[in-house]
Amino acid sequence: MLTVAGQATAVREEVRVWSMSGVERVTFPDGSTAIFKYAKKPFDSEDQALRLAHTLGVPVPQVHASAVLDGWLGMLMEDLGPSVREADDLDGVAAAVVLHGTRTAPALPVLDQDRLRTLPTRALEHLEQLRKADRWHDADDVEDALDRIAQTAEALSAGATIAPFGWVHSEFHPTSLHIGKRGWRLLDFARAFTGPGLLDLASWHGTIEPPHPVRLRVFLEQYVTAGGTPDALAPRGGLTAENWALGWHRMWAVEWFMEQSIRWISDPATDPAYIKAVRRHLTDVLHLLEI
């Protein structure tokens, strides 16, 4: 018997992609349960990331079995049961310290300075493809903002490999941290990569509300107190750690939204929502990175 445990969102924003993944609880005849999660590209390698994280000692749900069929990943995972409470900031820094202290894994994609500084250029390439598809024609302001960011990206991306540099969860929110009777487990590793750990810390409080550098500074200080590297507080790219992290996290989100719009979703009906999100984040990027 299958009972719906919830839906996984591909974009934790006002832009939500319900058709690309899902989660269900499977109940077996003996009464035991497991979680079945399914997803298609670009989320179809989460089983590999979870197994790798588990091997390296990161607390994650165990993957019992997985397979890819017709472009869809299906995973049967450990059922962690109901959470006992919502994760708070201290839970978040504790989990981040463990994840960022885990040795790097060659199998993960890498977002170093060279890759980071190309994000605005890649976003411009996505915009060109969208316009060739007769979409996003009223987005000249998006192009102008991306051009401005691209012109300064080399200098502003400096310091990308300052510690913490290694595992990045990339969906690091309270909803991705399960607090159960047996402790905590990190969920949602579909887009894990090697890169600046500050991007995780910048994502914790979400992107629906305006970015809050002072709140992130406090979070970074809590992270250091919990055992994270003191370098997390170091300036980079001529900016404070908190402004750098929030600005580049929003730029990372912009490039992802635009790639989704042209490559993974490619549905003109979603354009207004994506354009709205991209405009809002670009405004934040220009402000945070002092462009």
Side-chain angles (χ1 to χ4, degrees), residues 9-17 20 41-43 45 108-133 135-136 139-161 165 168-173 188 190-203 206-208 211 236-237 239 243-267 270-289 291:
T9 58
V11 181
R12 299 177 185 273
E13 265 264 6
E14 66 268 32
V15 179
R16 298 187 180 273
V17 187
M20 297 177 74
K41 286 187 177 182
F43 308 107
S45 59
L108 296 177
V110 177
L111 185 71
D112 55 12
Q113 182 180 352
D114 286 342
R115 187 68 170 174
L116 191 70
R117 66 181 176 82
T118 65
L119 289 178
T121 302
R122 293 175 64 196
L124 284 166
E125 292 171 354
H126 300 324
L127 180 60
E128 182 180 2
Q129 293 178 9
L130 285 160
R131 285 174 167 170
K132 286 181 179 178
R135 298 164 59 191
W136 287 49
D140 289 346
D141 56 324
V142 170
E143 181 178 12
D144 291 343
L146 289 171
D147 278 332
R148 290 172 62 189
I149 299 166
Q151 291 170 18
T152 58
E154 184 168 1
L156 292 174
S157 60
T161 56
F165 184 86
V168 178
H169 182 279
S170 90
E171 296 273 4
F172 194 66
H173 312 291
D188 304 330
R191 300 192 63 221
F193 59 87
T194 297
L198 289 194
L199 298 184
D200 270 346
L201 301 173
S203 75
T207 54
I208 294 178
R236 53 204 78 199
L239 302 162
N243 274 45
W244 187 94
L246 288 167
W248 278 110
H249 177 260
R250 268 55 179 181
M251 185 60 245
W252 176 84
V254 163
E255 192 273 332
W256 164 242
F257 286 163
M258 296 181 72
E259 182 180 25
Q260 271 201 119
S261 188
I262 190 63
R263 185 176 181 184
W264 306 115
I265 305 301
S266 195
D267 180 3
T270 66
D271 286 351
Y274 276 93
I275 292 172
K276 179 181 178 181
V278 164
R279 281 183 170 139
R280 182 165 59 83
H281 286 323
L282 285 175
T283 298
D284 291 338
V285 172
L286 293 171
H287 173 70
L288 291 161
L289 299 185
I291 298 173

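Note that these values count all heavy atoms, side chains included, but never hydrogens, waters or copies made by symmetry. This one's a predicted model, so the numbers in the text were calculated from it and none came from an experiment. Residue indices begin at 1 and follow the sequence shown.
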Contact check, side chains of Asp284 and Thr207, non-hydrogen atoms, under 4.5 Å:
no
Do you know the tightest heavy-atom contact between Pro120 and Ala153?
CG-CB, 4.1 Å
Six-ring centre of Trp256, Arg191 cation under 6.0 angstrom, axis tolerance 45°
yes
Here the pair of heavy atoms bringing Pro196 nearest to Val168 is O-CG2, 3.5 Å
Close side-chain approach of Ser261 to Asp271, heavy-atom, < 4.5 Å
yes
Could you measure the distance from the CZ atom of Arg236 to the CD atom of Gln113? Nearest 0.5 Å is fine.
11.5 Å
Nearest heavy-atom pair of Ala123 and Met251: which atoms, and what distance?
CB-CE, 4.2 Å
State, to 0.1 Å, how close Arg115 and Thr118 come at their nearest heavy-atom pair, and which atoms those are.
O-OG1, 2.6 Å
Taking side chain as C-beta onward, heavy atoms only, is Trp136 less than 4.5 Å from Ile262?
no
Between atom NE2 of His169 and atom CG of Asp200, what is the distance when rounded to the nearest 0.5 Å?
7.5 Å
To the nearest 0.5 angstrom, please state how far the CH2 atom of Trp248 sits from the CG atom of Leu289.
6.5 Å
Once you round to the nearest 0.5 Å, how far does CG of Leu130 lie from NZ of Lys132?
11.5 Å
Partner residues of Ser266 under the side-chain contact (heavy atoms from CB on, under 4.5 Å) criterion, sequence neighbours left out
Arg135
If you measure from CE on Met258 to CG on Leu146, what distance do you get to the nearest 0.5 Å?
5.5 Å
For the residue pair His287 and Arg250, establish whether any side-chain heavy-atom pair is separated by less than 4.5 Å.
no
Between the CZ atom in Arg122 and the CD atom in Glu259, the distance rounded to the nearest 0.5 Å is 6.0 Å
Run through Arg148, Arg280, Arg279 and flag the one making a salt bridge (Lys or Arg N to Asp or Glu O under 4.0 Å) with Asp141.
Arg279
If you look at every heavy atom in Trp252 and Ser170, which pair is closest and at what distance?
CH2-O, 3.6 Å
Residue pair Val285 / Ile149, side-chain heavy-atom distance below 4.5 Å:
yes
Report yes if the side chains of Phe165 and Thr194 come closer than 4.5 Å at any heavy-atom pair, otherwise no.
yes
Mind listing the closest non-hydrogen atom pair of Gly237 and Leu156 along with its distance?
O-CD2, 3.6 Å
